[in-house]
Protein chains: 2
Amino acid sequence: MTVTADESEESVSSEELAVWRALQRVQARVTRALEADLLVGHDLALASYDVLSHLAETPEGRLRMNDLAERVLLSRSGLTRLIDRLQRDGLVEREACPSDARGLFAVLTEAGAVRLTQARPTYLRGIRTQLLDTLGPEELRRCASTLNRLFPGDDSGGV
Amino acid sequence: MTVTADESEESVSSEELAVWRALQRVQARVTRALEADLLVGHDLALASYDVLSHLAETPEGRLRMNDLAERVLLSRSGLTRLIDRLQRDGLVEREACPSDARGLFAVLTEAGAVRLTQARPTYLRGIRTQLLDTLGPEELRRCASTLNRLFPGDDSGGV
DNA sequence: CCTATGTAGGTGCGCGTGCAACAGTCTAAG
DNA sequence: CTTAGACTGTTGCACGCGCACCTACATAGG
C-alpha cells in the first residue's frame, strides 16, 4: 500500500514522526502503569492524585477551579465532576472566594493530605521504573533542560 | 501546606518530576490540537487517523486486530468499536485470516486511503507547529536518538 | 483422539470526559 | 447608573474507552 502522496510539501521526516509516536507511547505506558498502581494500592485514580498533588504544592493547599483545571490538564467541566467525587470522598472541599463571588477554591482536606502522603511513594516509584530508569542520566538531564526551556518557571513545587 | 513526608526514600528530584509533567503537557497539547484540526477539517478523530495511518504503512494495507490495537495504543475492545465505526463509514473492512480462523484483518479500503491522503497534511502540520517547531533541531536530534534507542526498530513506515 | 490451557476478537456495562449552552458575576464604556 | 462583553463554574448530553466476561479456535500433552 504505502500511500505516498505529496511528500514534497509539508514534509516530516520519519525520524521526526518517530519522536511524536514515541512520545505518545511513553506517555500511555507511564499513565496506565500509574493509574493501575494507584488504583489497586490506594483506590485513587491518577487524575485524583494529580489534583491532590497540585493542591499540596500550594502554600495554602487551595487553588481556584480554573487554575487547577489548567494544571491537571482537564477541561473545566471535567474538573467540576472530579472535584465532586473528591469532595464526596472527603479529600477536598469547596470554598467560596472572598474577592470574587464567581470564584471557588478547591481546598485540600486533612484526609486528602493523608491520602496523598500514602500514595506518593507508589506514584514516585511508578515514574522511576516506567520513565526515569529507561532514560539514562545524561538523556534525563538533556530532557530536563529542553523541557524546562519550553515551560519556564514550572519546575516549582516538591517531589 | 507543602506536605513533605519522607523524601529520604524513593526520592525523585523536582527536575525529574518536571520531565514527567512536561511530557504529559506536551502530549496533551499536541493530541488536542490534532484532534480538533482533524475533526473540523476532515471529520476524522485522531484515533481513526492513527488506524488508517498504521494500515497504510503496511505493504498490504492490512493488520491483525490485535497487532493494530497495540500500535494505536488501544485496548482490544476499544479497537473493536473503532473499527466498527470506520467500517460503517467505509474506510476500513474486516477480512478473515486464512491461516487462523480466529483472526481478522482490518484492511484499508480505497476510500480510507483517499481520506488518509486528504487528512495527512493537516496531521503533519499539527505535529510541526505543536511539537517540532517548539524543539530546536539539536534537541530534536537528541530526542530522536534517545527515543529510538528506547524503541528500536519502530521508526519504520513513512511520513 | 480428547482434554486443558492459551489466544483472538467481541459484548455488556459503567465511568470519565469534552462540548455546547447556561446563570451568576465582574468590568469597562457611555 | 446602565449596559455590553468577558469570565467562572456548573449542567445536559453524547461518546469513546477499559474492564470483566464470553465464545470460538488453536495448540500441546496425555
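Each chain gets a letter, A, B and so on, in the order its sequence line appears, and its residues count up from 1.
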Quiz: residues 33-43 of chain A side-chain donor-acceptor pairs under 3.5 angstrom, not counting sequence neighbours:
{"from": "His42(A)", "atom 1": "NE2", "to": "Gln118(A)", "atom 2": "O", "distance (Å)": "3.1"}

Hey, does the side-chain of Arg102(A) have a donor or acceptor N/O within less than 3.5 Å of a partner on the base of dC26(C)? no
Within this structure, what is the CG-to-C1' distance between Leu34(A) and dG18(D), rounded to whole angstrom? 17 Å
To the nearest Å, how far apart are Asp50(A) CG and dG16(C) P? 15 Å
Test applied, side-chain contact (heavy atoms from CB on, under 4.5 Å); reference residue, Val107(A); option that passes from Arg62(A), Glu60(A), Arg94(A): Arg62(A)
Quick one: Leu104(B) CG to dT23(D) P, roughly how many Å, whole number? 19 Å
Under the side-chain hydrogen bond (donor to acceptor under 3.5 Å, both in side chains) test, which residues partner Asp67(B), sequence neighbours left out? Arg71(B)
Length of the CD-P vector between Glu70(A) and dG18(C), whole Å: 13 Å
List for me each residue that meets side-chain hydrogen bond (donor to acceptor under 3.5 Å, both in side chains) alongside Ser75(A), sequence neighbours excluded, and say none if there are none. Ser77(A)
In short, Thr117(B) meets Pro121(B) closest at the heavy-atom pair O-CD, 3.3 Å
Check DNA chain D against residues 93-101 of chain B and give the residues with a non-hydrogen atom under 4.0 Å, in numerical order. Asp100(B), Ala101(B)
Hey, which of these two, Arg32(B) or Met65(B), hits DNA chain C nearer its 5' end, going by closest nucleotide? Met65(B)
Whole angstroms only, please: what is the CG-C1' distance between Leu46(A) and dC15(C)? 16 Å
Which of residues 75-91 of chain B sit near DNA chain D, with a heavy atom under 4.0 Å from it? Ser75(B), Ser77(B), Gly78(B), Arg81(B), Arg85(B)
Gln130(B): side-chain hydrogen bond (donor to acceptor under 3.5 Å, both in side chains) partners, not counting sequence neighbours: none
Side chain to side chain contact (heavy atoms under 4.5 Å, CB included) evaluation trace for Leu132(A) with Trp20(B): CA-CA 9 Å; Leu132(A) 301 176; Trp20(B) 165 231; over 6 Å; no
I want to verify a distance call: between dT17(C), dA8(C), dT8(D), whose nearest atom is closest to the Asn66(B) side chain? dA8(C)
One should read off an interatomic distance between Ser48(A) OG and Leu116(A) CG, to the nearest 0.5 angstrom, of 11.5 Å
